[in-house]
Amino acid sequence: MFRSSALLAASIVAATASARADDLNDYPTSARAEYVFACMKANGETQELLQKCSCSIDVIASIIPYERYVTTETILSMSQVTGPIGSEFRSTEQAKLAVQDFRRAQAEAEVRCF
């Protein structure tokens, strides 16, 4: 009886850990690499920065789901377009909130990693 309870408990813990890992690893490797390359380009291309930038995207990924990350990256990119199209991405409340959430996640990553 004790053994089957222990196995059940271990199975539940393993399933929960796996689910959490899946939640934290929903960013594709290419998206993480892109972020790290851009971070290093902006801050310096050293081994130390590689570690800090990798940490940074891991923290962001733990705060913002990948789908919202992609949306925010699109908003930031499109907001640089001049004219009415870019204005839509700069002025809507939804866009402002998405960017604000992303900036908070970046600030948290900076505190933890840099």
Side-chain angles (χ1 to χ4, degrees):
M1 173 101 165
F2 177 73
R3 183 176 174 167
S4 64
S5 295
L7 287 174
L8 179 60
S11 297
I12 291 171
V13 169
T16 303
S18 176
R20 270 190 251 130
D22 289 343
D23 291 344
L24 294 177
N25 290 316
D26 67 338
Y27 283 48
T29 302
S30 59
R32 288 177 187 263
E34 237 177 69
Y35 182 93
V36 171
F37 289 143
C39 174
M40 289 178 68
K41 191 73 168 170
N43 296 295
E45 297 175 359
T46 66
Q47 182 65 31
E48 180 184 1
L49 262 297
L50 173 64
Q51 297 303 317
K52 289 180 178 183
C53 292
S54 297
C55 172
S56 181
I57 191 60
D58 290 344
V59 170
I60 290 169
S62 73
I63 297 170
I64 296 177
Y66 181 65
E67 185 178 306
R68 281 191 15 219
Y69 174 81
V70 170
T71 299
T72 304
E73 287 293 306
T74 302
I75 290 168
L76 290 170
S77 176
M78 292 302 294
S79 68
Q80 295 178 16
V81 174
T82 59
I85 293 174
S87 177
E88 286 295 317
F89 287 93
R90 288 188 295 276
S91 62
T92 65
E93 190 63 28
Q94 184 179 13
K96 289 178 185 178
L97 290 174
V99 170
Q100 187 177 40
D101 287 346
F102 180 69
R103 295 289 186 226
R104 273 193 225 118
Q106 280 187 313
E108 179 65 24
E110 189 169 327
V111 167
R112 290 192 204 176
C113 301
F114 287 85

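Being a predicted model, the structure only gives us computed values, none of them experimental.
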> Does the side chain of Val99 reach to within under 4.5 Å of the side chain of Phe89, using non-hydrogen atoms?
Replying inline: no

> Which one of Glu110, Arg112, Arg104 satisfies the side-chain contact (heavy atoms from CB on, under 4.5 Å) criterion with Glu108?
Replying inline: Arg112

> Would you say the SG of Cys39 sits under 2.5 Å from the SG of Cys53?
Replying inline: yes

> Could you state the interatomic distance from NZ (Lys96) to OG (Ser91), rounded to the nearest 0.5 Å?
Replying inline: 6.5 Å

> At what distance, to the nearest 0.5 angstrom, does CD of Gln100 lie from OG1 of Thr72?
Replying inline: 11.0 Å

> Any sub-3.5 Å donor-acceptor pair from Ser54's side-chain atoms to Leu50's backbone N or O?
Replying inline: yes

>> Ignoring hydrogens, what is the shortest heavy-atom contact between Ser56 and Cys113? Give both atom names and the distance.
In response: N-SG, 3.4 Å

>> Are Met78 and Leu97 connected into the same hydrophobic cluster when the rule is that any two of I, L, V, M, F, W, Y join if their side-chain heavy atoms are below 4.5 Å apart?
In response: no

>> To check you understand the geometry: which heavy-atom pair defines the closest contact between Thr92 and Glu88, and what is its length?
In response: CG2-O, 3.0 Å

> Okay, side chain of Ser62, backbone of Val59: is any donor-acceptor separation there less than 3.5 Å?
Replying inline: yes

> Is there a donor-acceptor pair closer than 3.5 Å between any side-chain N or O of Arg68 and the backbone N or O of Phe102?
Replying inline: no

> Are Tyr69 and Phe37 connected in the hydrophobic side-chain network, where two residues link if heavy atoms are under 4.5 Å apart?
Replying inline: no

> Any link between Ile85 and Leu76 through a network of hydrophobic side chains (Ile, Leu, Val, Met, Phe, Trp, Tyr) touching at under 4.5 Å?
Replying inline: yes

> Would you find a donor on one side and an acceptor on the other, under 3.5 Å apart, between the side chain of Ser79 and the backbone of Ile75?
Replying inline: yes

> What distance separates Met40 CE from Gln47 CD, expressed to the nearest 0.5 Å?
Replying inline: 7.5 Å

> Do Gln106 and Arg103 get their side chains close enough for a donor-acceptor pair, meaning under 3.5 Å?
Replying inline: yes

> When rounded to the nearest 0.5 angstrom, what distance separates CD1 in Ile60 from CG in Asp101?
Replying inline: 12.5 Å

> With a 4.5 Å limit on heavy-atom distance, are the side chains of Asp58 and Tyr35 in contact?
Replying inline: no

>> When you compare the side chain of Glu73 with that of Val70, does any pair of heavy atoms fall below 4.5 Å?
In response: no

>> To check you understand the geometry: which heavy-atom pair defines the closest contact between Arg90 and Val81, and what is its length?
In response: NH1-O, 2.9 Å

> If you count the non-hydrogen atoms of other residues, nucleotides and ligands that lie under 6.0 Å from CD in Glu45, is the total more than 12?
Replying inline: yes

